[in-house]
2 protein chains.
Amino acid sequence: MTDDRLFGPQRQERLMDELRRQGSIRVREFAALLGVSELTVRRDIAALASQNLLTKVHGGATLPTDLGPATQVRRRGTAAPRFTIGMVVPSLDYYWPAIVGGARSAAAAQGVQINLRGSTYDWAEDQRQITRLIESQQVQGLLLAPNLDGDGVPEMIEWIGNLPVPVILIERQPPRWTPTKNQLEWVRSDHALGLEIAVRHLHEHGHRSIGLVLSKGSPTSAHLERGWELVCADLDLSPDLVVRESVRMQQPGYRETIAQLLDRCRAAGTTALVIHSDPDAMSVAQYCVERGMAIPEDLAIVAYDDEVAKLAEPAMTAVRPPKPMVGRTAVELMVARLIEGRRRPSQRILITPELIIRDSSIPHFQPANQPAADSPPGRPTTRRAHPPVRSSDAEGVPVRRPG
Amino acid sequence: MTDDRLFGPQRQERLMDELRRQGSIRVREFAALLGVSELTVRRDIAALASQNLLTKVHGGATLPTDLGPATQVRRRGTAAPRFTIGMVVPSLDYYWPAIVGGARSAAAAQGVQINLRGSTYDWAEDQRQITRLIESQQVQGLLLAPNLDGDGVPEMIEWIGNLPVPVILIERQPPRWTPTKNQLEWVRSDHALGLEIAVRHLHEHGHRSIGLVLSKGSPTSAHLERGWELVCADLDLSPDLVVRESVRMQQPGYRETIAQLLDRCRAAGTTALVIHSDPDAMSVAQYCVERGMAIPEDLAIVAYDDEVAKLAEPAMTAVRPPKPMVGRTAVELMVARLIEGRRRPSQRILITPELIIRDSSIPHFQPANQPAADSPPGRPTTRRAHPPVRSSDAEGVPVRRPG
DNA sequence: CCTCCGTTGTACGAATCTGAACGTTTGCGG
DNA sequence: CCGCAAACGTTCAGATTCGTACAACGGAGG
């Protein structure tokens, strides 16, 4: 509670800060913001302009631009400078719609536009789409999700890094170091951690032999497998029971695969499974029910991914990758990048998936609260400000941030 | 405790302390606070300003900044929700002021307040400060940087995770998984990558035997060492020449340490060093100059950290950790967390350091004279080479195991 | 006890910062 | 092309702050 008034240099620093954030400043607004006269703001702007730290324009100031003086400061009311961001995702009907949705909603909030292209998991096709977007001259930035599993990754990264617009990878992680001036930025779900959360959830409820079913060919699998190894080592579990076959219904021979899986479980005394892709998990659950196995009691299941898990019977406990948040964060990061330019340090962001506890992992019980069966070590009995979220509360209603 | 009168140096220390806490000082207020005359305060400020410890401004003083000095503000009258964020950092006079500065400026822009506490690298003291902040009931969130090197880390993490307000760690990375409903969030500089950038810079300019000097006891060292191992493996360099002794001037016996270091360099044919902490790097550089070694030509040096590197002679090439950005990002993340509540998925953010190329790593370009004497086969041109990048070695990108 | 010297406090003119007024310029719409 | 409204910047005035000049205070040493 000192004094609201700032020193001149502080004011100027603040102004530059706002400028870097917003891309432009209007004299009137900034004067009101700081509670100083407009004249003072103009004086500050003049001083900063004389050092080439900003460009004076009628109505305010903008970041100094190499491309000649900017047009005109945005009028009040418009939320932000308008950009168009290109987005190329490998699929428009699986996994990605939620990410695109998050990106769109963030774009709307930021006053920018998304130019979406569906591609495939093939790099050549990606390249085609990207080239087309660039050549259209309509996009100032790109959100990409190329497949980084195959060969030629360094070449891909270099090609991407040399595009004339900033790029942010979504749900992809390039090599540690990229041969570009600014390291390539990315935003992705931390699937390894998501898997770990699932396994620890099962472990906390007494399961000591846990298996993992992976969908072959998904870029996610690699992360899941890594998380699997780490968590098994930490919890002293055997990491051996891993199946790398899709057990989805459409898959030919899926029943045999499931049968073999269950045999292995029986042999190893395994009481819980984490299954990648909730349709696969549902497939296993249904098979079990047909065979007379009770789902949480005889075999606990946690699905990885939460597209349809809540529709299953019983409703599936599932790890929900933060897809909308990935899209949203990528857009916000891109807007910041576009506004602040290449001097902004690059960021790499991991977002944590969420465990949605439903009925396939722990027995459904009545409101009368009973602590988990046998609680392994590390039960923080401290005060919980907010109780953990149970299934019913996860309606699938996306949380939209205000603004 | 003592008599109410302080001696000059004590007063100045107090002033610096207040300055680091508040980001700025007003002569009138500080004079009233200490019960001395304003003139005395001005004299103190003038003295400190002459040592570049602060920047004198009309009405008081601010922390020194690169350009147009100043930082913090308090915004008023706008509709943004008001929060107060507690911040506990282990030191107020080394490394952290820049982070605090970034946090303050972001806080100003977001219309929130920072309640800063200086602590030590000792957990008990941290705990005391944190408890005090919580009990004051004045903070809605906490930015913490506890020392995670010693024992009892799981307990610390759990204690932190059960605080009644959200927490974000800055420049610290807790274990992969934390036993809280929402995984603990953090924002930190990617020092490992920063080191890699430094090494690759040297590698690009022809150096094939590179050494590393680490400051013992710094939390940063572990990250640097990790980056060192990774980059050496990638570039096929020997990772053996690592010194873990401070070579700073104050250090007793630093000259012997440097002498031994240079002996090892000579023996191994090492032509370049990365040295943690720019004062240490300057110390080595000065020693070399005294011994008649030319700095970029006979031994290239990249300093890690960029507090004073630009003041050296020759000006030091340095890796600059993105400290202000770390502070800023943490505040922005906290504000988002406070607005959106605990349903917002947690994020972990890595920010890339920046390589500031000055004169200690590549020969200063001279227009008329000879090209660089007989430096290693690097080109003084600015064209960027494209060093090889191995594909699947990135941290977090697992190698798929057969069977 | 006295003097020397460094530090601190008071006084006051100079310098700086800020804001209001007002004539001039710029941008925008008809 | 013209006119209006907003934005700009020069000028002046009020308030605050700065720093030199000089006096007062207190400890160290002779």
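Atom set for the values below is all heavy atoms of this structure, side chains included, hydrogens, waters and symmetry mates excluded. Each chain gets a letter, A, B and so on, in the order the sequences are listed, and its residues count up from 1.
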**Item:** Distance in angstrom units between B:Asp44 CG and D:dC18 C1', rounded
**Value:** 15 Å
**Prompt:** Is any side-chain nitrogen or oxygen of A:Thr40 closer than 4.0 Å to OP1 or OP2 of C:dC17?
**Reply:** no
**Asked** Would you say D:dG19 has OP1 or OP2 under 4.0 Å from some side-chain N or O of B:Arg43?
**Response** no
**Item:** Side-chain N,O (A:Arg11) to OP1/OP2 (C:dC17) below 4.0 Å
**Value:** no
**Prompt:** Does the side chain of B:Phe83 come within less than 4.5 Å of B:Gln113's, by heavy atoms?
**Reply:** no
**Prompt:** Over its full length, what angle do the end axes of the helix from C:dC1-D:dG30 to C:dG30-D:dC1 make, each axis taken from five pairs and the result rounded to 10 degrees?
**Reply:** 30°
**Request:** Send over the distance from B:Phe30 CZ to D:dT17 C1', rounded to a whole Å.
**Result:** 18 Å
**Asked** Between B:Glu125 and B:Thr120, what is the shortest heavy-atom contact and its length?
**Response** CB-OG1, 3.5 Å
**Pairing residues for A:Arg104 by the salt bridge (Lys or Arg N to Asp or Glu O under 4.0 Å) criterion, not counting sequence neighbours** = none
**Item:** CG-CE distance between B:Leu54 and B:Met16, expressed to the nearest 0.5 angstrom
**Value:** 5.5 Å
**Prompt:** CD1 of A:Ile25 versus P of D:dC8: gap in Å, rounded?
**Reply:** 13 Å
**Asked** Can a side chain N or O of B:Arg42 be found less than 4.0 Å away from OP1 or OP2 on D:dG19?
**Response** no
**Message:** Using whole Å, what does the distance between atom C1' of nucleotide D:dT11 and atom CG of A:Leu39 come to?
**Reply:** 11 Å
**Message:** Quick check: on DNA chain C, is the nucleotide nearest B:Glu38 upstream (toward 5') of the one nearest B:His58, or the reverse? Name the residue that is more 5'.
**Reply:** B:Glu38
**Fill in**
Per atom distances to the A:Val27 side chain, the nearest of C:dG9, D:dC8, D:dG9 is D:dC8
**Asked** Is B:Lys56 near enough to D:dG19 that one of its side-chain N or O atoms lies under 4.0 angstrom from OP1 or OP2?
**Response** yes
**Request:** Write down the distance between CG (B:Leu15) and P (C:dT8), rounded to a whole number of angstrom.
**Result:** 13 Å
